[in-house]
Protein chains: 2
Amino acid sequence: MIKGKDGTPIPKVVIERLPRYYRYFDWLENRAEKISSKKLSELMGASASQVRLDLSYFGDFGQQGYGYNIKKLKAELAKILRIHTPMKFVIVGMGNIGRALTRYNAFIEAGFKLEGLFDVKPILIGEKISGTTIYKVDELESFVKTHSVDMAIIAVPKEVANEVVKTLVASGVKGILNFAPLDLEVPDGFPVENIHIIDKALALSFLIRERQH
Amino acid sequence: MIKGKDGTPIPKVVIERLPRYYRYFDWLENRAEKISSKKLSELMGASASQVRLDLSYFGDFGQQGYGYNIKKLKAELAKILRIHTPMKFVIVGMGNIGRALTRYNAFIEAGFKLEGLFDVKPILIGEKISGTTIYKVDELESFVKTHSVDMAIIAVPKEVANEVVKTLVASGVKGILNFAPLDLEVPDGFPVENIHIIDKALALSFLIRERQH
DNA sequence: TAGATTGTTAATCGATTAACAATC
DNA sequence: TAGATTGTTAATCGATTAACAATC
């Protein structure tokens with residue numbers, strides 16, 4: 001388990017909340033100089049205790065009687081989340097989702113660097129999308145190695161996802177962002193984050209129905 | 001809070017896990033007739049107690065000494081999640097993400113029905129994507145009303161997202177699936193599910209870094 | 001200084017797991 | 001019947017909140 005400031009393990013839920021804190025500090029940047037845990041918690045709909053405890057896992061960023069300096073906290077969170085530290089990634093699967101992510105500027109803004117695109121369809125190989133080339137998926141392993149790719153996005157059909165995963169893990173990629181609607185088979189502790197669009201839509205569907213009795 | 005079987009409130013975490021159960025039963029369908037909570041829990045990487053307790057919020061689906069009938073459970077979960085019960089939706093924002101979601105067949109497969117697309121850019125109005133027309137966002141409110149749209153997907157820039165939300169809430173839409181990187185301002189208890197792609201990528205980024213010491 | 005607000009420890013709350021009687 | 005496995009209640013674990021001494 002991941003350790004914080006003084007060796008205390010950081011709960012996974014806290015890690016998953018970090019990007020949200022970053023978003024709020026980014027938003028606050030041109031709006032104020034400082035903010036207290038109380039004010040921030042009201043803004044975010046959390047408790048002030050949670051804000052303070054969450055942040056305290058990573059350092060002593062606040063000051064009694066003052067609160068948190070927004071510029072400083074934003075910079076600290078950026079450092080923690082490696083924003084602006086180029087993280088090289090590839091996208092595997094050039095369907096709708098893969099193509100959309102290729103053009104999604106938010107990745108670049110957050111400091112991610114797209115190195116290559118991959119697909120099986122011969123007709124797509126060589127095509128460029130916003131300046132990035134589509135390669136044969138056969139070349140994935142060697143490409144990841146030679147370009148020291150850090151992270152891969154999986155946007156292939158679920159039937160072939162675990163095949164791709166096997167290749168990626170063998171290639172030495174360090175984490176996977178998965179858009180395929182299944183749980184990937186990865187070695188224990190291998191970093192994976194899932195984006196299950198339909199799962200979210202179905203949960204919403206359930207909530208909507210229940211709300212109407 | 002949402003109530004289950006005998007009036008016990010169902011924790012939100014359990015609801016969010018339901019689509020995952022559905023995926024597993026869908027996968028199991030042609031592979032076996034029945035499954036025990038023990039076997040299922042091993043497959044899913046959960047505990048058998050959790051499986052049994054989760055499912056028990058919605059009904060008594062199992063049988064002692066036998067387990068759960070896969071076909072039956074899949075059908076029950078489909079009913080609970082309203083799969084195959086057409087849920088009408090619109091997509092607001094025809095950027096990369098909006099366009100990709102328009103063509104994303106998984107929505108149709110899960111029984112969602114795309115009624116219309118919306119954008120502000122005059123040049124896009126009238127265009128059809130996979131048979132669905134793009135309308136002016138000015139027409140959003142009346143469209144939702146006349147077509148009794150249940151759900152909206154927000155895929156607009158964050159700067160205008162809350163404007164769209166205001167229109168949607170006024171129009172009587174019943175839930176929102178949000179892809180914009182911010183927390184939407186909705187009335188208390190209004191169903192929203194967020195898909196924060198960059199948040200997930202950043203959390204992954206953090207996990208990768210920490211894993212390498 | 002007095003007021004504000006932190007970081008942290010203790011108390012509480014909620015979710016997960018273990019245990020088991022019921023029963024197929 | 002004996003073995004398997006449910007649904008549920010009690011015990012445990014972990015996360016959230018409250019409280020407060022420290023201090024800017």
Side-chain angles (χ1 to χ4, degrees), chain A residues 1-18 20-21 24-25 28 32-74 76-77 80 203, chain B residues 1-18 20-21 24-25 28 32-74 76-77 80 203:
Chain A
M1 176 155 268
I2 285 157
K3 304 283 174 46
K5 210 166 59 175
D6 45 304
T8 348
I10 308 172
K12 184 93 188 298
V13 277
V14 174
I15 294 167
E16 311 252 280
R17 277 199 289 266
L18 283 180
R20 184 156 180 258
Y21 284 109
Y24 275 87
F25 279 98
L28 283 164
E33 178 219 313
K34 65 188 174 73
I35 193 162
S36 67
S37 57
K38 176 116 192 300
K39 281 271 169 54
L40 182 58
S41 70
E42 282 161 9
L43 209 58
M44 296 181 70
S47 76
S49 298
Q50 183 171 84
V51 166
R52 292 203 297 279
L53 193 56
D54 280 359
L55 296 176
S56 79
Y57 282 107
F58 302 92
D60 295 354
F61 303 132
Q63 192 170 76
Q64 287 107 321
Y66 173 87
Y68 299 91
N69 179 279
I70 290 167
K71 268 211 165 42
K72 185 188 162 213
L73 232 298
K74 189 191 163 185
E76 292 285 1
L77 286 167
I80 292 165
Chain B
M1 178 155 265
I2 286 157
K3 305 281 174 47
K5 212 167 57 174
D6 44 303
T8 347
I10 308 172
K12 184 91 187 299
V13 277
V14 174
I15 293 167
E16 311 251 282
R17 277 200 289 265
L18 282 180
R20 184 156 180 259
Y21 283 110
Y24 276 87
F25 279 98
L28 284 164
E33 179 219 314
K34 64 187 173 79
I35 194 163
S36 67
S37 58
K38 176 117 191 299
K39 280 271 169 55
L40 182 58
S41 71
E42 282 160 10
L43 210 58
M44 297 181 71
S47 76
S49 298
Q50 183 170 85
V51 166
R52 291 203 299 277
L53 193 56
D54 280 359
L55 296 176
S56 79
Y57 282 107
F58 303 92
D60 295 354
F61 303 132
Q63 190 169 76
Q64 287 108 323
Y66 173 88
Y68 299 91
N69 178 279
I70 291 167
K71 267 211 164 44
K72 186 189 162 212
L73 232 299
K74 188 191 162 184
E76 292 286 0
L77 286 166
I80 292 166

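Reminder, nothing fancy here: chain letters follow the sequence lines and each chain counts from 1. Computation of the quantities below employed the complete heavy-atom set of this structure, encompassing side-chain atoms and omitting hydrogens, waters and symmetry-equivalent molecules.
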Take atom CD1 of A:Ile35 and atom P of C:dA4, then tell me their distance rounded to the nearest Å.
17 Å
If you round to the nearest 0.5 Å, how far is CZ of A:Arg17 from CG of A:Leu55?
10.0 Å
Length of the CG-P vector between A:Asn69 and C:dA4, whole Å:
20 Å
Has B:Ser47 got a side-chain N or O lying under 4.0 Å from the OP1 or OP2 atom of C:dT16?
no
Please give, in whole Å, the distance from D:dT6 C1' to B:Phe58 CZ?
18 Å
Whole angstrom is fine here: how far is it from CD1 in B:Ile15 over to C1' in C:dA15?
14 Å
Are more than 12 heavy atoms, taken from residues, nucleotides or ligands other than A:Lys72, located less than 6.0 Å from that residue's NZ atom?
yes
For the side-chain contact (heavy atoms from CB on, under 4.5 Å) test, which of B:Lys74, B:Lys39, B:Arg52 pairs with B:Tyr68?
B:Arg52
Closest to the B:Gln64 side chain, choosing from D:dT6, C:dA4, C:dT16:
D:dT6
N or O in side chain of B:Ser49 less than 4.0 angstrom from C:dT16 OP1/OP2:
no
What's the closest nucleotide to the side chain of B:Ser36 if the choices are C:dT16, D:dT16, D:dT6?
D:dT6
With sugar-phosphate meaning primed atoms plus P, OP1 and OP2, does A:Tyr57 contact a base, only sugar-phosphate, or nothing at under 4.0 Å between heavy atoms?
nothing
Among D:dT17, D:dG7, C:dA15, which is the nearest nucleotide to the side chain of B:Val13?
C:dA15
Runs of at least three consecutive pairs that involve DNA chain C, where pairs are Watson-Crick or G-U with distances under 3.5 Å
C:3-24 with D:3-24
B:Gln50 side-chain proximity, nearest of C:dT16, D:dT6, C:dA15:
C:dT16
Per B:Ser56 side chain, nearest of listed nucleotides C:dT8, D:dT8, C:dA15:
D:dT8
If you round to the nearest 0.5 Å, how far is OG1 of B:Thr8 from NZ of B:Lys3?
9.5 Å
Position toward the 5' end of DNA chain D (nearest nucleotide), A:Leu53 or A:Gln63
A:Leu53
Let me see the working for B:Tyr21 and B:Leu73 under side-chain contact (heavy atoms from CB on, under 4.5 Å), right down to the final yes or no.
CA-CA 9 Å; B:Tyr21 283 110; B:Leu73 232 299; over 6 Å; no
Spacing between B:Phe61 atom CZ and D:dT5 atom C1', to the nearest angstrom
17 Å
From NZ of A:Lys38 across to C1' of C:dG7 the rounded distance in Å is 18 Å
Indicate whether OP1 or OP2 belonging to C:dT8 is found under 4.0 Å from a side-chain N or O atom of A:Lys5.
yes
Presence of B:Arg52 side-chain N/O under 4.0 Å of C:dC20 phosphate oxygens OP1/OP2
no
Nearest to the side chain of B:Ser37 - D:dT16, C:dA15, D:dT6?
D:dT6
A:Lys12 or A:Tyr66, whichever maps to the more 5' nucleotide of DNA chain D
A:Lys12
Do the side chains of A:Leu77 and A:Phe58 get nearer than 4.5 Å, heavy atoms only?
no
Phosphate OP1/OP2 of C:dG7: any A:Tyr68 side-chain N/O under 4.0 Å
yes
Between D:dG14 (C1') and A:Ile10 (CD1): distance, integer Å:
16 Å
d(CD1, B:Ile70; P, D:dT5) in whole Å
13 Å
So, B:Ser41 side chain and B:Ser37 main chain: donor-acceptor pair closer than 3.5 Å or not?
yes
CG (A:Leu18) and CD1 (A:Ile80) are apart, to the nearest 0.5 Å, by 6.0 Å
